[in-house]
Amino acid sequence: MDALSEVLRIISLDSAIYFNAEMSEPWCFLSPQADTLAPVFVHGARHVIIFHFLDEGRAFVRLEDGERVWLKAGDIVSFPHGHSHWLGSGQDVTPVNVGETLPQVLQNGLELVRIGGGGARSRLICGFIACDPQLCQTFLGGLPPLLKVNIRDDGSGQWLENSLQFSVTEAARHQAGSGAVVTKLSEVAFAETIRRHLRQSPQEETGWLAAARDVEVGKALALLHQRHSHPWTVAELAREVGMSRTVLAERFRQFLGEPPIAYLTRWRLRLSARALETTSHSVAQIAAETGYESEAAFNRAFKRAHGVPPARYRKERGR
């Protein structure tokens with residue numbers, strides 16, 4: 001049992017698209033803010049996680065107003081918050097806007113994309129993963145705008161590289177079930193990227209993933225996510241993880257900026273918002289499933305968080 005596994009189990013990624021790109025120096029492309037790309041890939045997607053895997057060659061990546069970060073073969077660079085960025089190699093080249101070229105790439109069946117001036121070659125796998133923004137924000141919120149990990153540093157990364165290569169092939173085949181296969185592989189690849197980032201992160205880091213890595217706070221998080229409808233108290237949670245109430249509350253604030261029960265309340269309300277959008281369950285049923293003793297208490301808490309009561313929230317989103 002661990003907190004990251006519990007969150008990923010509940011969140012699940014909605015869909016994913018991959019394509020191969022072959023670049024030759026000088027080359028550069030601009031990937032706009034992910035929310036502008038979401039409608040291109042998935043109808044109704046509200047958040048898209050972007051990543052690139054450099055299979056061969058070299059490249060730089062740069063966020064707006066940021067410094068160049070150099071990439072080598074085997075590097076995965078990910079943008080969990082969907083920041084606009086440049087990716088390229090060489091000098092004095094006008095960037096190709098991905099937002100303008102993606103519709104044509106999709107229309108051509110995700111065939112190999114070639115860009116550049118004919119010089120030294122680089123090969124990339126570009127991936128775009130759609131997810132529910134409210135639920136993903138739970139653990140994405142503590143991540144930096146750019147993550148870089150290398151999957152060729154050890155032998156265990158070979159299966160991940162093979163999965164990425166297979167995902168590209170499967171996405172382009174458009175056979176029955178291809179979309180589901182690619183999405184499941186994306187969940188695995190994304191989880192492994194996060195795990196590798198955690199292993200190389202400094203111990204003094206804060207945020208959700210740092211909390212999940214901590215032995216005691218991570219166990220508390222896992223319990224809250226695994227049994228989110230349980231009527232938890234700080235005292236009971238502290239007993240379960242073997243800490244005093246005071247120390248647990250302090251450690252939670254240190255990592256997450258709020259006490260355990262406030263965190264649990266926010267998670268319950270995020271789960272209930274998704275249920276209102278994606279299921280036909282009654283408001284009373286959703287209230288019970290997310291840990292509220294009465295529909296009235298749920299209505300009050302939901303309105304405080306979202307500005308409208310649950311029934312109106314659902315109606316405004318077309319359910």
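The first residue of the sequence shown is numbered 1, and numbering continues consecutively from there. Just so it is clear, the structure is predicted and the values come from calculations on it, not from any experiment.
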Nearest 0.5 Å please: distance from the [atom1] atom of [X] over to the [atom2] atom of [Y].
X: His225; Y: Leu221; atom1: NE2; atom2: CG; answer: 5.5 Å
X: Leu87; Y: Arg68; atom1: CG; atom2: CZ; answer: 10.5 Å
X: Leu54; Y: Ile76; atom1: CG; atom2: CD1; answer: 10.5 Å
X: Lys148; Y: Arg196; atom1: NZ; atom2: CZ; answer: 14.0 Å

Does the pair [X]/[Y] count as a salt bridge with the N-to-O cut at 4.0 Å?
X: Glu161; Y: Arg152; answer: yes
X: Arg251; Y: Glu216; answer: yes
X: Glu25; Y: Arg58; answer: yes
X: Glu240; Y: Lys219; answer: no
X: Arg253; Y: Glu258; answer: no

**OP:** Show the numbers, then the answer: is there a side-chain hydrogen bond (donor to acceptor under 3.5 Å, both in side chains) between Gln254 and Glu250?
**Re:** CA-CA 6 Å; Gln254 173 191 340; Glu250 288 177 352; over 6 Å; no
Subject >> Geometric cation-pi criterion Arg300 and Phe302, 6.0 Å radius, 45° cone >> reply: no
Subject >> All side chain to side chain contact (heavy atoms under 4.5 Å, CB included) counterparts of Arg195, not counting sequence neighbours >> reply: Leu4, Glu192, Arg199
Subject >> With His230 via side chain to side chain contact (heavy atoms under 4.5 Å, CB included) - residues at least two apart >> reply: Arg227, Trp232, Glu236
Subject >> Over 12 non-hydrogen atoms of neighbours within 6.0 angstrom of CG in Asp92 >> reply: no
Original post:
Should we count CZ of Arg266 as having more than 12 external heavy atoms under 6.0 Å?
Top reply: yes
Original post:
Please walk me through it: do His85 and Phe29 pass ring pair (Phe, Tyr, Trp, His ring centres under 6.0 Å)?
Top reply: CA-CA 8 Å; His85 58 277; Phe29 67 77; 7.1 Å; no
